[in-house]
Structures are given as structure tokens and as C-alpha cells.
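Read through the structure below, which is laid out as C-alpha cells, and then see the notes.
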Amino acid sequence: MAPSSCDKYRDFAVTKGYGVKGISDLGLKALPEQYIQPSEERIDMRKVLDKESIPVIDISNLDDPEVAHSIANAAEKWGFFQIVNHGVPMEVLENAMEATRRFFELPVGEKIKYLQENSPTKNVRFGTSFLPKADKVLEWKDYLSLLYVSEEESSNYWPSACRNEVMEFKKKSEIVVEKLLKILLQRLNVDLNSKESLLMGSQRINLNYYPICPNPELTIGVGRHSDVSTLTFLLQDSVGGLYVQKMETDHWIYVPPVDGSIVINVGDALQIFSNGKYKSAEHRVAANGSNNRISVPIFFNPRPHDIIGPLPEVLKNGEKAIYKSVLYSDYVKHFFRKSHDGKQTLEFAKI
Ligand SMILES: COc1cc(/C=C/C(=O)SCCNC(=O)CCNC(=O)[C@H](O)C(C)(C)COP(=O)(O)OP(=O)(O)OC[C@H]2O[C@@H](n3cnc4c(N)ncnc43)[C@H](O)[C@@H]2OP(=O)(O)O)ccc1O
Ligand SMILES: O=C(O)CCC(=O)C(=O)O
Ligand SMILES: [Fe+2]
């Protein structure tokens, strides 16, 4: 490709489906203009608190009240924590990672079968950046997004390069998320059994690929956002790049890769269900100049037709609701209608 104008790169990455991996493979010396973020959207290392970290919690004994306390405390204070000894076998994690790499290393002709306009189903989508139609400046990330509907749909439509490994990862993660939600809800005097479908009735798995970037300091892998999920179960490889905002400050905390760990984060839906007790935190991802990076978040969500609002048990003692009830699909569509803008999506549900 003749690298002359930035629209050429947009066309190459977005429309033709080469993604940022295609740009990275060109071996350019300088980042295309289309990816240069305004300075306030880049990661400013002077704002990173290198002496603070989000908790790493050993969850091998969830019956221990101290473990339960650490989980609830992390969800209130940080909105993020890492878990170790969670019971998902290392092999399942490694296979999910390898399957992700295999998918992104497919020839572009295979991957573009899953672009929005070509995909055999709405529930499988290959793309780049967050919302290329709305993003003025593009983000340095390619993704494959898989909305789980049924075993049958996954077998028929998910790419064979990653289907079985991602399914296995999803199945194992569900067991852990159920246990974590049980603990978080107990503190709200809510019985998870009666709310399981509402809280985690729908799952979306994203395979994220952040290829080596020329001038990583000028761009961003994923911009500032909070997830619209109830809880997110995130597998990251050993490269690193995830930063979380320290609540109510303009400082950021690096989330270091810990071998075998999973990052858990509170999403907007749980912030709304808990009437603000548990908090979704803004986070973003840096690009990397030396290594390709992979992450695999599984978003545990309400179902599109569910109404989300503060749970009645939370308001029982006369607590005033700070969120109204909204249709979850309206909430998610609102998120997907605009570029990443931190925690602004929550305004949609504020009273
Ligand atoms: C991609 O980079 C990302 C993603 C994220 C995601 C964080 C999350 O928390 S994802 C969890 C989202 N929740 C669910 O998936 C719940 C279940 N699903 C639904 O409720 C529905 O699928 C729906 C999302 C509401 C879509 O419903 P539908 O009425 O069928 O409408 P669509 O035409 O499919 O989409 C509407 C509009 O949204 C855009 N969009 C939808 N899905 C995705 C997706 N996976 N990735 C990117 N964009 C999506 C789509 O562009 C549509 O707009 P058009 O202009 O194309 O019409 C966090 C950070 C990231 O960087
Ligand atoms: O890549 C990561 O570590 C996080 C990605 C993320 O925040 C997301 O996909 O919502
Ligand atoms: Fe996220």
C-alpha cells in the first residue's frame, strides 16, 4: 500500500479489514496521523501512581470471611481486583490465549468474513478501534466480539480457529463469576439464586489484539471507559498495558500481569444494581512498541430485555435511589453510540 494520506490508512484498516495488525505488519517508522490521540487521551506517566496497586486476592477459600471482605472491599474502593487460585486450569487460560493469537494471525481474507457487513450472524463481529464510524481518532486495537447465544450457534458460527478454546474458557469462568457475585450480593442482602439471570444472563467474549505500534506513546489501545457489564472476567497475557483510574482522582494505577491470574472489574450494571455501593472504574489500555498484546475479557451482563435499576433489597432501608430503571439494551446502545468517554454512559441512568 502507498502510505500517502491518513484516509488511506482508515480505509485499509477499517473498510478493507486489515486492522491495526495490517498496519503494524507494514513496518512503518511513524504512526499514521489517524491514530495520533490528543495529549489528554494519551497515558501520562506522571499521573501513574507507581506505589499503589489494586488488590490481588487468593480465592482458594471463599468461605473465609476475610476473603469475602477483601472482594467486597475491592469492588467498593477500586472497582477492580485480580484473583489467583480461582480454579480455572492454567491450560484453559493458555489455550484461550493461543486460540486468540491463531485467529488474528489468519490471512485477512479469513478474518474479513466476520466484518459487520459480511458476518453470517450479528453475534460474531471482527473489527478495529472502538467505533470507527464515530471515533475521530482511531484506537490501536483489533477485536473479535462473540455474543454467546447457544452451544449450537457457537458451533455453527464462531470461527473454528478459536471456537472450542473460547467456549471452554467461558464455561470455566462462569463458575467463578457466580461465586464472586454471590459474595457481592450477600453484602447487599440479596440472594443470587433469585437474580442470576438478571445479573449474568448474557455473556459477550471479546478477543482483543494490540499489535506492535510505532510511537505507542502517541496513541491508545483502548480509550477511557467503564464496562457496561455486571462483572468483567479479564484474561491478559504477560505484556501489560492496562491502567485503572483511582476513584475520584485523575491518577492511574497500572495492573501488572500476574501469571495465572484473572482481572475482575465491576461494570456499570452492577454499580446501578447496587445503587452505587460497588463502582465501575474507568480504565484504558496503552499501546506497545515491542510486543503484540492479547487480552480476553468476558462481559457478564443482564439480557437485552432486562430492566436494570437499584435492586429493591438495597433500597429497603429507605436508601434513596440514585439511578432510575432503564432497559439494558437501551443502556448498551447508548454506550455503543459514542466514542469512549470515561464514565459518561452512567449519566444515562442517573436520576
Ligand atoms: C469493541 O470495543 C470495546 C467493547 C467494549 C465492550 C464492553 C462491554 O461491556 S460489552 C457488553 C455489552 N453487552 C452486551 O453485549 C449485552 C447483550 N447484547 C445486547 O444487548 C445487544 O447485542 C446490543 C449490544 C444492545 C446490540 O443490540 P442490537 O439492537 O441487536 O443492535 P446492533 O445493531 O447489533 O448494535 C447497535 C449498535 O451498537 C454497535 N455494536 C453492537 N455490538 C457491538 C460490538 N460488540 N462492538 C462494537 N460495536 C457494537 C453497533 O455498531 C451498532 O451500531 P451501528 O452503527 O453499527 O448500527 C469495551 C471497550 C471496547 O473498546
Ligand atoms: O485489554 C485489556 O486489558 C482491557 C480491555 C478492555 O478494557 C475492554 O475490552 O473492555
Ligand atoms: Fe473495559
Side-chain angles (χ1 to χ4, degrees), residues 19-21 41 43 48 53-54 56 75 78-83 93 96-97 100-101 103-104 125-132 135 138-147 166 169-170 173 177 202-213 216 219-245 252-259 261-271 279-288 291-301 331-332 335-336 338-346:
V20 276
K21 177 161 191 321
E41 295 302 333
I43 292 172
V48 175
S53 55
I54 62 158
V56 178
W78 301 100
F80 262 80
F81 52 99
Q82 302 209 56
I83 51 172
L93 306 182
M97 215 75 95
T100 302
R101 190 164 295 109
F103 174 79
F104 287 100
R125 178 195 296 222
F126 167 60
T128 189
S129 192
F130 177 58
L131 277 181
D135 297 337
L138 297 174
E139 296 180 353
W140 193 263
K141 179 197 75 171
D142 296 335
Y143 69 89
L144 177 73
S145 187
L146 304 166
L147 181 67
V166 171
F169 178 47
K170 183 195 93 79
S173 70
V177 167
S202 148
Q203 302 94 38
R204 182 184 288 282
I205 305 107
N206 279 5
L207 315 187
N208 293 327
Y209 190 80
Y210 307 88
I212 294 173
C213 177
T219 191
I220 196 87
V222 180
R224 296 178 301 110
H225 71 286
S226 56
D227 293 344
V228 292
S229 53
T230 301
L231 272 192
T232 303
F233 188 91
L234 171 78
L235 172 64
Q236 63 165 335
D237 70 10
S238 59
V239 173
L242 176 61
Y243 292 83
V244 177
Q245 190 177 36
W252 295 81
I253 296 168
Y254 177 61
V255 183
V258 173
D259 204 26
S261 79
I262 293 290
V263 178
I264 302 291
N265 62 286
V266 173
D268 294 348
L270 185 54
Q271 176 158 340
K279 295 168 195 77
S280 63
E282 265 187 43
H283 53 286
R284 52 179 163 172
V285 179
N288 192 293
N291 295 102
N292 301 315
R293 175 172 185 267
I294 281 170
S295 72
V296 186
I298 307 187
F299 304 102
F300 286 84
N301 308 304
Y331 190 83
V332 179
F335 172 74
F336 281 125
K338 55 192 176 38
S339 296
H340 284 320
D341 56 358
K343 286 194 66 171
Q344 280 306 306
T345 324
L346 268 167

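Throughout, residue positions are numbered sequentially from 1 according to the sequence presented. Numbering of ligands and ligand atoms starts at 1, following listing order. FYI, side chains are in, hydrogens and waters are out, and symmetry mates aren't considered; it's all heavy atoms of this structure.
Using a 4.0 Å cut-off to heavy atoms of His225, the atoms of ligand 2 that qualify are 6 (C), 7 (O), 8 (C), 10 (O). Atoms of ligand 2 found under 4.0 Å from any heavy atom of His283, numbered from 1 in the order shown, are 7 (O). If you number the atoms of ligand 2 from 1 as listed, the ones under 4.0 Å from a heavy atom of Pro297 come out as 9 (O). Residue-ligand proximity, Leu234 to ligand 2, at heavy-atom distances under 4.0 Å covers atoms 3 (O). If you number the atoms of ligand 2 from 1 as listed, the ones under 4.0 Å from a heavy atom of Asn208 come out as 5 (C), 9 (O).
Within the structure, ligand 2 has Tyr210 among the residues with a heavy atom less than 4.0 angstrom away. Proximity of Arg293 to ligand 2 is established by a heavy-atom distance of less than 4.0 Å. Residue-ligand proximity: Asp227 is placed with a non-hydrogen atom under 4.0 Å from ligand 2.
At a 3.5 angstrom cut-off on N or O pairs, Ser295 counts as close to ligand 2. Every N/O-N/O distance between Asn206 and ligand 2 stays at or above 3.5 Å. Note: no N/O pair closer than 3.5 Å links Gln236 and ligand 2 by distance alone.
At a cut-off of 3.5 Å, with distance as the only test, no side-chain donor of Thr128 or Lys21 sits close to an acceptor on the other residue. For the residue pair Asn206/Ser145, the side-chain donor-acceptor check at 3.5 Å is satisfied. Under 3.5 Å, the side chains of His340 and Asp135 contain no donor-acceptor pair of N or O atoms.
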Verdict with supporting geometry, Ile294 and Phe104, side-chain contact (heavy atoms from CB on, under 4.5 Å): CA-CA 10 Å; Ile294 281 170; Phe104 287 100; 5.8 Å; no

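Every residue two or more places apart in sequence or in another chain that forms a side-chain contact (heavy atoms from CB on, under 4.5 Å) with Glu282 is listed here: Arg224, Gln245, Trp252, Lys343.
Looking at heavy atoms from C-beta onward, Cys213 lies in side-chain contact with Thr219 at the 4.5 angstrom threshold.
Minimum-distance N/O/S atom of Asp227 relative to the Fe ion (ligand 3): OD1.
When each of Asp227, Val222, Thr232 is paired with His283, the side-chain contact (heavy atoms from CB on, under 4.5 Å) condition holds for Asp227 and for no other.
When NE2 of His283 and NE2 of His225 are joined through the Fe ion (ligand 3), the resulting angle is 90° to the nearest 10°.
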